[in-house]
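Since the structure comes first, as C-alpha cells, the remarks are kept for the end.
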Amino acid sequence: MIRVKSEEEISYLRESCAIVRDCLKFVGERICAGMTTKEVDTLVYDFIKASGAEPSCLGYCGYPASACVSVNEVVVHGIPGDRVLREGDIVSVDLCAYKNGFHGDGARTFCIGEAPEEKKKLVRVTEECFFRGIDGLKAGTPLYDIGYRVQKHAEENGFSVIRAYTGHGIGREMHEDPAVPNYGRRGTGVRLRANTVLCIEPMIAEGSYRVRVLDDGWTAVMEDGKCAAHYENTVVVREDGVEILTL
Ligand code: MF3
Ligand code: CO
C-alpha cells in the first residue's frame, strides 16, 4: 500500500533529507585516496549524529554501519571496512538519516582523484539516468515510466540496469511501497498520486547487470567484476512536477 504524505509529514521528511544532502556534500569534500571505507563511514556517523539525527542504516536488518560504501565492482551495500580507496576508484556512498520519525535517503558516486574516462562516463550517465527518470514525472504519471526512462538512457549509452535492487517509497519506514525499478514498460504501473514520496536510485553497470552477494550477506558485486555506479535522491511527486528533497 502506498502511503501518501501530508504536508506536515513532508516538512519532517524535508528536514531528514536536508541532513542526507548536507552529509553527502560533506563526505564528497573529504573523500580521497588513502582513506579506508571505514573512515568514510565514521564521517557519516559523526555528521548525522551532530545533526541531531540517527543513521537509519545502522542496525537495519543487522547492517553493521551507518553508510554503504561501495567501491568499483561493488554496486551497493558495501560494508565499510579496511579497503583503502585508491586514485581512479569510483565509490558510491549511500546513507539514510532518521529524525522526527521520518527517514531521508540519498546516494552519490564519487571519483577518487582522476578516474579513467569510462568510469567517469558511467558516473555521469548514472546521474543523468536519475534526471531522465524524473523528467515529466508528476501526479498521474504511471510508476514504471520512471524505470522506462532510466533504462532507455542507460542502454543508449551502452550500459545496463541492475535488476536485483530497486528504489522505494519512504517515510516513517526506510523502505515503503512502491518498489521503483530502474527498468520497465512505459505507460504501466500505478498512476502516482500527489505527495507520494519516492527514492529513485539508478544502479547502472558497465557490463552485465548480473549481481552476486558476498558471504557477508550484504555486499553486492557485479558478477563480471566490472564497475557499477549508483545515484539516489528522495523526491516528492507534486501536481505539476517533483520536489527533490536531497539536492
Ligand atoms: N540506503 C539504502 C537504500 O537505498 C538502504 C541500504 S540497506 C542498509 O535503500 F542496510 F544499509 F540500510
Ligand atoms: Co534507497
Side-chain angles (χ1 to χ4, degrees), residues 16-58 60 63-97 104-131 159 162 165 199 201-207 211 214 216 218-222 225-234 244-247:
S16 302
C17 286
I19 296 168
V20 170
R21 171 198 69 202
D22 294 345
C23 186
L24 288 168
K25 179 165 184 282
F26 178 83
V27 170
E29 287 162 357
R30 284 161 182 79
I31 197 167
C32 60
M35 272 175 101
T36 64
T37 54
K38 178 69 201 162
E39 286 170 331
V40 175
D41 185 63
T42 301
L43 287 177
V44 170
Y45 177 84
D46 290 345
F47 188 98
I48 292 177
K49 282 295 212 178
S51 307
E54 293 299 322
S56 322
C57 291
L58 187 59
Y60 175 82
Y63 188 75
S66 303
C68 301
V69 184
S70 307
V71 185
N72 293 339
E73 78 290 350
V74 181
V75 51
V76 286
H77 302 167
I79 298 178
D82 295 335
R83 185 163 178 172
V84 177
L85 302 180
R86 293 167 43 192
E87 171 96 14
D89 282 345
I90 60 171
V91 187
S92 122
V93 178
D94 183 2
L95 56 100
C96 297
D105 186 2
R108 304 282 179 265
T109 297
F110 302 109
C111 292
I112 304 302
E114 256 321 288
E117 271 318 309
E118 184 65 8
K119 285 186 178 181
K120 282 203 282 199
K121 180 184 171 196
L122 177 66
V123 170
R124 173 175 59 77
V125 168
T126 302
E127 197 171 316
E128 288 168 0
C129 280
F130 167 83
F131 289 97
F159 298 136
I162 275 84
Y165 300 93
C199 293
E201 47 180 318
M203 289 155 268
I204 306 298
E206 218 175 4
V211 164
L214 300 186
D216 62 24
W218 286 100
T219 313
V221 301
M222 300 316 303
K226 295 188 180 173
C227 284
H230 180 205
Y231 182 86
E232 172 178 25
N233 284 307
T234 302
I244 307 176
L245 300 183
T246 44
L247 265 191

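Applying the side chain to side chain donor-acceptor pair (under 3.5 Å) rule to Ser66 yields no partners; only residues at least two apart in sequence or on another chain are considered. Scored by the side chain to side chain donor-acceptor pair (under 3.5 Å) test, Arg83 finds Glu73 as partners (sequence neighbours excluded).
No donor-acceptor distance shorter than 3.5 angstrom exists from the side chain of Lys119 to the backbone of Cys111, with no hydrogens or angles considered. At least one donor-acceptor pair under 3.5 Å links the side chain of Thr246 to the backbone N or O of Thr234. Remark: the backbone N or O of Glu114 is paired with a side-chain donor or acceptor of Glu87 at under 3.5 angstrom. Looking at Asn72, its side chain never comes within 3.5 Å of a backbone N or O of Cys227 through a donor-acceptor pair. Formation of a donor-acceptor pair under 3.5 Å by the Glu39 side chain with backbone atoms of Thr36 is found in this model. Of the possible donor and acceptor atoms, one in the side chain of Ser70 sits under 3.5 Å from a partner among the backbone N and O of Gly78. Under the 3.5 Å distance criterion, the side-chain polar atoms of Arg108 are matched with a main-chain donor or acceptor of Glu232. Judged by distance alone, with hydrogens and angles left aside, the side-chain atoms of Asp216 form a donor-acceptor pair with the main-chain N or O of Trp218 at under 3.5 Å.
The two residues Val74 and Thr219 make their nearest non-hydrogen contact at CG1-CG2, 3.7 Å. Shown here for Gly104 and Cys17, the closest heavy-atom pair between the two residues is CA-SG, 3.6 Å. In plain terms, the two heavy atoms of Arg30 and Met35 that are nearest each other are O-SD, 3.6 Å. For the residue pair Ala53 and Ile19, the shortest heavy atom distance occurs at CB-CD1, 3.8 Å. Of all heavy-atom pairs between Tyr45 and Pro55, the closest is CD1-CG, 3.9 Å. Looking at every heavy atom in both residues, Ser92 comes nearest to Val75 through OG-O, 4.2 Å.
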Would you check, one step at a time, whether the test side-chain contact (heavy atoms from CB on, under 4.5 Å) holds for Met222 with Ile162?
CA-CA 9 Å; Met222 300 316 303; Ile162 275 84; 4.1 Å; yes
Might you work through the side-chain contact (heavy atoms from CB on, under 4.5 Å) test for Thr126 and Thr109, ending with a clear yes or no?
CA-CA 9 Å; Thr126 302; Thr109 297; 5.7 Å; no
Asp46 and Phe26: CA distance, side-chain angles, deciding distance, side-chain contact (heavy atoms from CB on, under 4.5 Å) verdict
CA-CA 11 Å; Asp46 290 345; Phe26 178 83; over 6 Å; no
Phe47/Val27 under side-chain contact (heavy atoms from CB on, under 4.5 Å): CA gap, chis, key distance, verdict
CA-CA 9 Å; Phe47 188 98; Val27 170; over 6 Å; no
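Phe159 carries Lys121 over the face of its six-membered ring, with the cationic atom under 6.0 Å from the centre and within 45° of the normal.
Heavy atoms from other residues, nucleotides or ligands lying under 6.0 Å from CZ of Arg86 number 12 at most.
Salt-bridge annotation for Glu117 and Lys120: present, with a side-chain N of the basic residue lying under 4.0 Å from a carboxylate O of the acidic one. The existence of a salt bridge linking Glu54 and Lys49 is confirmed by a sub-4.0 Å separation between a basic side-chain nitrogen and an acidic carboxylate oxygen.
Considering only heavy atoms from C-beta on, Cys68 stays 4.5 Å or farther from Val76 through its side chain. Side chains of Val69 and Val44 form no contact here, defined as non-hydrogen atoms less than 4.5 Å apart. At a threshold of 4.5 Å between non-hydrogen side-chain atoms, the residues Val40 and Val91 do not count as touching.
Rounding to the nearest 0.5 Å places CD1 of Ile48 at 10.0 Å from OG of Ser16. Going from atom CG of Leu85 over to atom CD1 of Ile112 covers 5.0 Å, rounded to the nearest 0.5 Å. With values rounded to the nearest 0.5 angstrom, Asp105 atom CG is found 9.5 Å from Asn233 atom CG. The line from CD1 of Ile204 to CG of Leu122 is 8.0 Å long, rounded to the nearest 0.5 Å.
Under the 6.0 Å cut-off for aromatic ring centres, Tyr165 and His230 do not qualify, their centroids lying 6.0 Å or more apart.
Among residues at least two apart or in separate chains, there is no ring-ring contact (aromatic ring centres under 6.0 Å, His included) pair with a member in residues 107-127.
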